[in-house]
Amino acid sequence: MTTPDFSDPENLTARERQALECLIKRLADDEFVLAERYTEWQVRAPTLESDLALANNAQDELGHARLWYDVLGDHGYTERELVYERDPAEFRHSTIVELPFEEGDWADAVLRSYLCDVAEELRLEALEASSSPKIANRVAKIQQEESYHREHAQNWLERLAEGEEGHERLQAALDRLFPHALTIFEPCAPPHGENANKTNETSDDEPRATGSDVEADIVDFGLRTATLEELGEEWLAIVVPYLESLDLDVPESGQTGDGEFEFEVTQEMLPDERGRDGIHTDAWVDLYDDFTHTYRELGRSEPTKIMETPE
Amino acid sequence: MMDLGTVKERAGPREFSPADDLPREYREAATRMIEFHANSEIMGAYLERPFIRQSPSIDRKLAFSAKVQDEIGHGQLLYRAAESLGVKTREEMLDDLANGDGKFLNCFHYPLESWVEVPMISFFVDGAAMRRQATLRRTSWEPYAHAMDKVCFEEGFHVKHGEDILKELMTGSRKEQQMTQEAFEEWWPRIIQFFGPTDDKSTHHDFASSVGLKQQSNDDLRNAFLDQYIPKARKYGLEIPDEPRIRERDDGTYAVEEDDLDWDEFFTIAKNEYEPGLGQINGRKHAQEAVDWVRETIERDTPAASGHEPQAAD
């Protein structure tokens with residue numbers, strides 16, 4: 001197959017368009033929702049210094065979300081359809097980013113940040129040579145900021161893991177978060193209306209998300225140069241040894257054989273809600289209601305733009 | 001040690017620094033003033049934080065998150081300037097704030113419940129703060145004046161953003177305009193009280209002014225604010241409420257009828273006894289207690305640093 005020309009959004013086939021949109025929603029929704037959660041720590045972090053640092057990360061992620069959503073501007077989508085008036089069931093973020101923080105659970109904040117940041121680094125690498133110039137052009141700027149995030153998370157993890165209470169809290173957070181982290185590498189379901197009858201499939205015999213064609217297209221069209229399985233394996237090969245070096249037990253690590261990380265996610269390893277398939281936890285609905293509150297209260301029909309083009 | 005007479009004689013902009021051996025009266029008065037300012041940054045940020053999430057667009061959300069972050073940064077800077085007087089540590093000041101002993105601006109004791117109230121803080125209150133802070137760049141405690149340089153620079157952006165939010169609301173739907181006018185009527189007297197009671201009722205004014213800590217009187221600041229912000233409010237279509245009565249002087253400047261303002265409420269607030277404000281103090285205390293375990297971990301790691309300098313992991 002010849003690589004489609006994504007520099008010309010007018011001349012894409014329906015499948016090409018869907019692959020691009022699906023990829024962007026994976027990226028942008030993850031960043032947007034994670035940023036929403038990070039902002040919960042503003043004016044609540046352990047110290048003024050950590051408050052400032054987490055606020056920085058939240059703004060970085062929000063900026064990235066804005067950059068990714070903007071890619072779909074070529075396809076006639078605006079922030080209204082993509083965020084403020086999108087049906088919450090049409091968001092495609094992984095469930096790890098939507099879970100609320102328990103008050104004071106800083107261990108969750110730094111662990112979640114680490115798990116997401118590693119995944120983010122890997123998928124950005126796989127986008128460096130994307131066939132979509134708009135995607136490829138945005139990667140370098142985002143990478144620059146993300147490397148700092150991971151370093152920050154690791155500094156904290158290492159610090160907390162040394163203390164008894166910190167270690168206990170990290171282990172509890174890991175047990176709770178790990179299954180949701182695996183959903184980062186789950187396939188996306190297409191929007192409702194297209195194969196809508198299948199998206200709520202809960203049988204164990206076949207994958208619930210029927211987007212695997214879309215996911216294959218994303219790679220076949222050269223939009224991303226690694227498959228979800230490859231990204232997941234790489235991710236496990238990084239996070240499992242690292243977390244074990246902190247004396248943490250990784251639940252269901254997917255490790256098979258002698259140290260090779262075969263990425264074999266079984267149904268049992270995954271939570272009921274996987275996000276990518278449009279099935280979310282109740283916390284997502286509450287979060288959605290909260291962030292759209294003003295927009296609805298004031299009867300707005302267009303989210304305010306301050307910057308003409310995102311930087 | 002420098003005696004009080006010399007302090008008063010020398011009192012000028014940025015005159016004193018940690019190199020000077022200053023009398024206790026000066027150091028305590030300066031600590032009280034800067035601690036109040038720092039506490040206000042924190043409690044202002046606490047009040048506004050729900051609107052990061054409730055901002056009606058990604059751009060607004062980014063700007064609002066950055067604003068709240070800036071206020072925390074100002075708090076950090078100001079606690080450092082206060083600490084350098086050698087009277088209280090940052091931990092003592094933050095503990096006092098959590099325990100309800102720390103004082104902060106009257107406006108941050110009120111609840112903030114809707115986006116239409118946001119510009120009441122981020123345009124009017126921040127605008128009022130800007131006026132005061134601009135004069136404090138000439139305060140006699142050099143670390144305080146130095147902090148004000150950065151604070152004023154950033155606050156300028158906040159006020160611009162607040163003004164943009166107000167403009168958007170007042171050019172929006174009729175419903176938005178009405179809601180904004182109602183919010184303005186509720187907040188207007190509180191905003192005027194931002195500057196505190198008239199000079200003859202102000203407890204700390206004379207001393208602070210005689211040692212150069214305070215550069216302009218409450219009355220002068222309030223009047224200058226009215227001169228600047230009444231026309232701005234009108235420009236955006238807000239109607240100035242009948243009460244408190246505002247007199248227009250012959251030269252076109254304004255003065256407020258002090259007796260029309262609720263000073264009982266003001267002094268209840270000043271004692272940290274006003275109900276919504278207490279809820280905010282305790283809400284923040286609760287959030288701080290929930291992360292005590294992290295601070296204890298940090299302190300155990302680095303007993304000497306005690307959290308002043310940025311840590312490797314912060």
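Here is how names work: the chains are called A, B, and so on, in the same order as the sequence lines, proteins then strands, and each is numbered from 1. Values below: all heavy atoms of this structure, side chains included; hydrogens, waters and symmetry mates excluded.
R80(A) does not touch chain B: none of its heavy atoms, backbone or side chain, sits under 4.5 Å away. Heavy atoms of S173(B) lying under 4.5 Å from chain A belong exclusively to its side chain. Only the side chain of Y84(A) comes within contact range of chain B, with at least one heavy atom under 4.5 Å from a heavy atom of that chain. Using a 4.5 Å cut-off between heavy atoms, E102(A) makes no contact with chain B at all. For A45(A), the part sitting under 4.5 Å from any heavy atom of chain B is the backbone (N, CA, C, O) and nothing else.
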Steps toward side chain to side chain contact (heavy atoms under 4.5 Å, CB included) verdict (V118(B), T294(A)): CA-CA 11 Å; V118(B) 164; T294(A) 297; over 6 Å; no
In sequence, state the C-alpha distance, the side-chain angles, and the governing distance for Q69(B) and Q42(A), and then conclude on side chain to side chain donor-acceptor pair (under 3.5 Å). CA-CA 7 Å; Q69(B) 181 190 28; Q42(A) 291 197 252; 5.8 Å; no
Would K175(B) and E297(A) count as a salt bridge (Lys or Arg N to Asp or Glu O under 4.0 Å) here? Give the steps. CA-CA 10 Å; K175(B) 178 184 163 193; E297(A) 181 192 27; over 6 Å; no
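You'll find the side chain of R49(B) reaches within 4.5 Å of the side chain of R44(A), heavy atoms only. Side-chain atoms of V291(B) and T47(A), non-hydrogen and from C-beta on, never get closer than 4.5 Å to each other. For the pair F32(A) and K61(B), the minimum side-chain heavy-atom distance is below 4.5 Å. Using a 4.5 Å cut-off on side-chain heavy atoms (C-beta onward), Q54(B) and D290(A) make contact. Residues L62(B) and I306(A) are not in side-chain contact: their nearest non-hydrogen atoms beyond the backbone lie 4.5 Å or more apart.
Annotation: the span from W106(A) atom CH2 to T297(B) atom OG1 amounts to 12.5 Å, rounded to 0.5 Å. In this structure, OH in Y38(A) is found 13.0 Å from OG in S65(B), a value given to the nearest 0.5 Å. Separation of atoms NE2 (H293(A)) and CZ (F51(B)) is listed at 7.5 Å; rounding is to 0.5 Å. Here the CD1 atom belonging to I298(B) is positioned 6.0 Å from the OG atom belonging to S50(A), to the nearest 0.5 angstrom.
Taking Q288(B), H286(B), E71(B) one by one and counting their heavy-atom pairs under 4.5 Å with chain A, the maximum is reached by H286(B). Contact tally against chain B (heavy-atom pairs below 4.5 Å) for G299(A), P46(A), G163(A): the top residue is P46(A). Most heavy-atom pairs under 4.5 Å with chain B: of the set P303(A), A35(A), A65(A), this distinction falls to P303(A). When each of A287(B), G73(B), P56(B), A290(B) is checked for heavy-atom pairs under 4.5 Å with chain A, P56(B) comes out on top.
For NE2 of H167(A), the number of neighbouring non-hydrogen atoms (other residues, nucleotides, ligands) closer than 6.0 Å is greater than 12. Other residues, nucleotides and ligands contribute over 12 non-hydrogen atoms within 6.0 Å of the CD atom of E289(B).
At a heavy-atom cut-off of under 4.5 Å, chain A is reached by H161(B) from residues 149-167 of chain B, listed in order of number.
Closest approach of D59(B) and T304(A) over heavy atoms only: CB-O, 3.8 Å. Taking both residues in full, the closest heavy atoms of L48(A) and Q76(B) are given as CD1-CA, 3.8 Å, listed atom of the first, atom of the second, then distance.
Remark: the backbone N or O of T39(A) is not paired with any side-chain donor or acceptor of R53(B) at under 3.5 angstrom. Looking at E79(A), its side chain does come within 3.5 Å of a backbone N or O of I58(B) through a donor-acceptor pair.
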